[in-house]
Amino acid sequence: MAKEEKSGYSSANIQVLEGLEAVRRRPGMYIGSTGPTGLHHLVAEIVDNSIDEAMAGYAKNIIVKILPDSVISVYDDGRGIPVDPHPQYKISALELVLTKLHAGGKFGGGGYKVSGGLHGVGASVVNALSNWLKAEVHRDGFVWTQEYHMGEPVTKIKKGGPAKDTGTTISFRANEKIFETIEYDFDTIVDRVRQHAYLTRGIRITCIDLRDPMEFRSQAFFFEGGIMSYVRHLNHSKEAKHDSVFYVEKDSGDVHVEVALQYTDDFKETLFAFTNSIINPEGGTHVQGFRNALTRALNAYARAKNLLKEKDENLSGDDVREGLTAIISVRIPEPQFEGQTKAKLGNTEVKGAVDGIVADALQIFMEEHPKEAEAMLSKVILAQKARQAARLARESVLRKGALEGFTLPGKLADCSSKDATQSELYIVEGDSAGGSAKMGRDREFQAILPLRGKILNVERARLDRILGNNELKSLIIALGTNIGEQFDISKLRYHRVVIMTDADVDGSHIRTLLLTFFYRYFPDLITTGKIYIAQPPLYRIAVGKDVRYVYTDDKKEETILELTKDKNAKRAASATETAEASTETISTEGDESVVEAMVVGGVKVNIQRYKGLGEMNPDQLWETTMNPEHRMMKLVTVEDAAKVDEIFDILMGSEVEPRKRFIQTHAKTVKNLDI
Ligand code: 0RA
């Protein structure tokens, strides 16, 4: 009966709708946020599906286009998503993939899997959040199309003209009411795509920006060397210790392992681990297996070749990390992730698989490449010696009372509260701003530590030198956690540590130095969300007694108009006069601040641009920057460790050339360096 048929179809559909309704209601749950990050996540979801088709060995080319009117299209030359009705679900694989949450598993016997983990929530989520989505499939000799609106099909699958090739193109336009912005950033898309290209050797991915014909941009990635090329890329601004990159690709049971590594003269480690092409910022079993194998293999070689003498200690895990650049990529059928952010791989079988494969391959590599092996070992043995020397130095410095028996530094104006969860430490640039902050603060829970001038550049400095630097020593004592092996987060005296510097070049330099310091020596404070950056206002805008503080350039114009409109409305005069109609500017440049007087719509507006914290009196500083009820603070996160690392490295590292290049190419943005 017709009715039965219909209800059979629609009951399948109702389930689908319930799923997608949840996505539309709480998009953040599925894509993380509705800000720019979430928006770009949509592109990643669609690209991931094409990558899967490439990983399965069918697609060789993927093309991502940003089109006018915020349309994204993603093409791949794979098999094309099947368009014939599925025997069980009655709808086509195409419709299933695009309308069913987590549509996955084996479908149509084609072995098509939706990748698991943090990503891979599926194309249906993108569909649910798009005003318009169109699928075009070339398959079985024809072109097939279907269109959707907010995740629901608006047409049946249409069979079009003939097609000789096979492939899939998904085009969509995100719903502008759901997202804060639907403006895409080409570089963000390119960065992700580049990473994919490294991880899927032999695939060609092209990104094209077609929004503005005058600003056409295109970038294509194809890495024959896969993760070996990735390691070389990461080391491009470093001094490599040996030419050949170590590389292994092997299966152990269900676990596919691929590892590449190379040592440089850097002091720190750069290691990225992936499961099914998804990055695992917190590592996991693959990283554990890798570390065990690396430490063991290097020790075995060093002993066998007498590079470590009998009396010498074994190389530690820390020793073999110094200067290491490594990529670990595993592919497994059913990844399990741990931790709140699902950023850590948990599958236990992976540890042994990676360990075994890497240990064997490294041993062979070192036997076959004695020059490389010696270079690697000279680096890690040097690291061991330096660590031993630093430990001795530190112990003697500590004995001499480097941390002054942990008495709080004199220039710290501590708060009265002893409850660390309520307490805040403001690190303030300069004595004068420090003075204002001390007077303006709420002494119950706000402590002030003024820092004088430039602090030590910690990137290349060792712990013993850091402990010799007075500014940093004060900071470490104030924090209460100690440092290095003695670090203990439970002793932290303030749960909010706020960096408060001027909005100028010096201020941003000090901020960067402090962030480097925290990043290198107190990473736990960043990962647990304890470090903030104060946001002092950029402008004070006044109309008569009505005063507003403005924190971004964007808001300046808006606030002026608001204030003058209010005033105009109150005067109930010249209601038709537009704000812009009579704008006349009188600038007076004082010693420190720029005060501008402006007449907008017959109303006089005073605009003061703040250049430094010192220009604010204590009350103003409290009101605008320190009062929890009004202030804005930026929480420092390690969202993209790679990027932060690279920027710190380039800005602070010892290589002069890349630093110059970065500052030249980013001259405009570098002073607003955000992490
Ligand atoms: C299911 C089955 C088969 C291919 C696909 C899905 C497929 C999905 C996507 C997503 C983006 N591009 C894609 N290309 C293919 C293969 C069934 C068969 O031909 O045996």
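Whatever order the structure lists ligands and atoms in, that order sets their numbers, starting from 1.
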Check your understanding: Does the ring of F142 carry K159 above it, NZ/CZ under 6.0 angstrom from centre and within 45° of its axis?
Key -> yes
Exercise for review: Tell me, please: is P82 in heavy-atom contact with ligand 1, that is, under 4.0 Å?
Suggested key: yes
Exercise for review: Output yes when E282 and K344 qualify as a salt bridge under the 4.0 Å nitrogen-oxygen rule, no when they do not.
Suggested key: no
**Study point:** Proximal atoms of ligand 1 relative to T168 (non-hydrogen, under 4.0 Å)
**Key:** 12 (N), 13 (C), 14 (N)
Study note, to complete from the structure: Numbered in order shown, the ligand 1 atoms found under 4.0 Å of a heavy atom of E53 are 4 (C), 7 (C), 14 (N), 15 (C)
**Study point:** Subset of ligand 1 atoms that lie under 4.0 Å from at least one heavy atom of N49
**Key:** 10 (C), 11 (C)
**Study point:** Charged N-O contact under 4.0 Å between R201 and E249
**Key:** yes
Check your understanding: Can you tell which part of R139 has a heavy atom less than 4.0 Å from ligand 1: side chain, backbone, both or neither?
Key -> side chain
**Study point:** Electrostatic pair R217-D187, nearest N-O below 4.0 angstrom
**Key:** yes
Practice item. Could you tell me whether some N/O pair between D76 and ligand 1 is separated by less than 3.5 angstrom? Key: yes
Review point. Should the pair R173-D69 be classified as a salt bridge under the 4.0 Å nitrogen-to-oxygen rule?
Key: yes
